[in-house]
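The analysis underlying the following values was restricted to heavy atoms, covering all of them including side chains, and did not include hydrogens, waters or symmetry mates. Atoms within a ligand are numbered from 1 in the order they appear, just like the ligands themselves.
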Amino acid sequence: MVTRFPPEPNGYLHIGHAKSICLNFGVAKEHGGVAHLRFDDTNPLTEDIEFVRSIQDDIRWLGFDWGDHLYFASDYFERLYGYATELVRKGLAYVDSQDEAEIREARGTVTEPGRDSPNRDRSVDENLDLLERMRLGDFPDGAHVLRAKIDMGSPNMIMRDPILYRILRAHHYRQGDAWCIYPLYDFAHCLEDSIEGITHSFCTLEFENNREIYDWLLDNLDVPRPQPRQYEFARLNLEYTLLSKRRLLWDDPRMPTVAGMRRRGVPPGAVRVFCDMIGVAKANSRVDIGKLEYAIRDDLNQTARRVMAVLHPLKLVITNYPRGQIEQLEAPYFPHDVGKEGARTLPFSGELLIERADFAEVPPKGFYRLSPGVEVRLRYGYVVKCTNVVKDDEGEVVEVHCSYDPDTQGGNTPDGRKIRGTLHWVSAAESLPAEVRIYDRLFRVPDPDEVSEGETFLANLNPDSLQLLSESRVEPSLADAAPGTSFQFERQGYFVTDSDATDGRLVFNRTVTLRDSWARSHTPDTTDADAKRVSRETRSDSATAVLQDHRPSDAALAAVFDRLVGANVPETDAGVLTRAPEALALFAAALEAHDNARLVATWVVNEVPRAAEGVALSALPFSGADLGGLLGLIAEGVVSSRSAREVLAVMGERGGDPAAIVTELGLTQLDDVAALITLVEGVLQAFPDKVAAYQEGKKGLIGFFVGQAVRESDGKGDPKVVKDLLHERLD
Ligand code: ATP
Ligand code: MG
């Protein structure tokens, strides 16, 4: 097997080309064959040596190697010309002297056949003479063309005497002025393939109709057999971007060019995984950009060191920390990964910087970060409690004052008191200034070409695709990070050092967020709550789609589906699991630790996605075994399902052992019956009307009382026990 990747050196490679590269190089490798890199440089008007260089860099960066097989179509000009004369000699090509408009007009339409050119029956000798003089430069540009003599009535328009050569006085970047006639794609491409002994010539679907001319030329010329064959596949279209070399002329990190992605910090392995993931198909479609982002997160999750950076700093002063003291805290680079080594020290002092958004003077509901009177954990440091704030003249908080608990180094509370949030931070004096570039999708809509009358794709540009942050501070260990090094800034996303970082200046590009926050934050004109509801609705939409057809058509998956249903998993859940490989893997791992398949499935399908908030399941900070452990705690009655959901949310945020989190959050189920009786009494006293209604026969109110009592217990009361107590008391 011999394949080739045949770029025209007229622009930067983009992710669509990456798909073609992965296909050509991947298939050849898989079959023990070779892949050629051939510059298809037959059009002197658009090509440039700069692109020859950048394309090679890009392919190497993607991890592919053409070895000795680097070719240039322009090196074949003499041989191609020889094939052209062979066609003329065989009476299969002629020189046409009509001008461009006449030729176009005589071609006919899809419904009407074309008309023969008045020059179609020129003699072989006349044609040979004219062709030679075309080459020698005897005629002005456009005076003649060479055409194949096939069939002006062919239903395939391409076969209506296609043009093979045109006269064009243009300087070729490699051939100089040696030629003033240039071959056209349809003539040149199949012959280039044949000259190189290509066996499989892959191209995109729009060339399906060109296959006939590809084969016709090779069939009619004296070329080596077996001749190459053309195979078409769907071109890649990606949401929120455009893939056309003509529109992608620079290496901005927002561009889906290979150069742009590299600068953005996208690892080459992620591009390869993405190309595998989308596969090779015969149907054109627009691929969800979330898939690419997923592959990027998944790759960086394995490799990027975790460090701390504060993007929008707010000063935090620890009033009871010894003045001038600096502690060097040991912090691992891969806190979730026991297998990966490496650590650095973090200077901790009495003056720190935290993220502005991590403090709220009046905390909204569910805000587990810092606010007056509330305790939070500083990652790797201590537990601090906000005692006071300092405001400027406009009333904006400019400093947060805290006291710290010296017994909580590393974040544990000796008395087991519950600390909800963990914040990242840097030391004010020891941290380093950095410029941070927050990149976002380049277009606001999935299909940028969808515009109203009179507008172009430019109307769909996302005005917030780049945000420059100049106040950011990073931990000192980043001082000499080499350009192109990827990091996870804890709680913020993946970032890479930019090539603009010189002379000790630090510049970081955001590669991708930690979670897919796009859908929520960009739902227009809705509140956050609305957006959440919308995303829930979309989720249930896809659940409905699954409902209609649970059992996968793929035989192997269908067998898994049947096994799941046999193990008492509801069909809907089995359908979801068999369609999502990561979910199935998580399910299998959790089942090892807890054997109630039905319960495990429900949690993987319904609860885990909620806790994951868009993070890839394989990138979650907890394992299937952890999830199984949590379900075991429910089964043993240690926690209620409701509390377990809370535990899962914490696990989704920072991983960890479920039993430890249960203790940490103080969620151990209340089995102290005396305490529960007090609770139940309290509820009954608070709702005398409802008690009366119940005793008059509205027995359905029992659910209401149970709910109230469980809520009063912070979810710790076992609903079954509560219900029994209520019945005892009311009936
Ligand atoms: P141009 O618009 O200049 O023709 P192009 O994007 O088609 O640019 P080429 O250099 O002609 O680029 O393409 C090189 C190879 O990459 C071709 O084999 C082509 O089929 C493939 N290719 C180009 N775009 C895509 C895409 N979006 N998806 C998959 N393959 C692609
Ligand atoms: Mg092309």
### Query
Thinking salt bridges, do Arg38 and Glu196 make one under a 4.0 Å N-O criterion?
yes
### Query
Closer than 4.0 angstrom: is that true for some heavy atom of Phe207 and an atom of ligand 1?
no
### Message
Less than 3.5 Å apart, any donor N or O on the side chain of His14 or Tyr12 sitting next to an acceptor on the other?
### Response
no
### Message
With nothing but distance in play, are any N or O atoms of Leu236 less than 3.5 Å from an N or O of ligand 1?
### Response
yes
### Query
Is it the side chain (CB and beyond), the backbone, both or neither of Phe5 that lies under 4.0 Å from ligand 1, heavy atoms counted?
side chain
### Message
Which option wins on minimum heavy-atom distance to atom 13 (O) of ligand 1: Arg235, His14, His17, Glu47?
### Response
His17
### Message
Measuring from atom 20 (O) of ligand 1, which candidate in Thr46, Ile278, Thr204 has the nearest non-hydrogen atom?
### Response
Thr204
### Query
What do you reckon, are the aromatic ring centroids of Tyr182 and Tyr165 less than 6.0 Å apart?
no
### Task
Answer yes if the ring centres of Phe487 and Phe495 are under 6.0 angstrom apart, and no otherwise.
no
#### Entry: Ion pair check, Arg263 and Asp500, cut-off under 4.0 Å
yes
### Task
Could you tell me whether Asn10 and ligand 1 have an N or O pair separated by under 3.5 Å?
yes
### Task
Inspect the contact between Glu78 and Arg135 and indicate whether a charged nitrogen and a carboxylate oxygen are less than 4.0 angstrom apart.
yes
### Query
Has Asp219 got more than 12 heavy atoms of other residues, nucleotides or ligands less than 6.0 Å from its CG?
yes
### Message
Residue-level breakdown please: for Asp40 versus ligand 1, do any non-hydrogen atoms fall below 4.0 Å on the side chain, on the backbone, on both, or on neither?
### Response
neither
### Query
Is any N or O atom of Arg4, backbone or side chain, closer than 3.5 Å to an N or O atom of ligand 1?
no
### Message
If I apply the N/O under 3.5 Å rule, does Pro7 come out as touching ligand 1?
### Response
no
### Message
Within the 4.0 Å heavy-atom shell around Pro6, which atoms of ligand 1 are there?
### Response
14 (C), 18 (O)
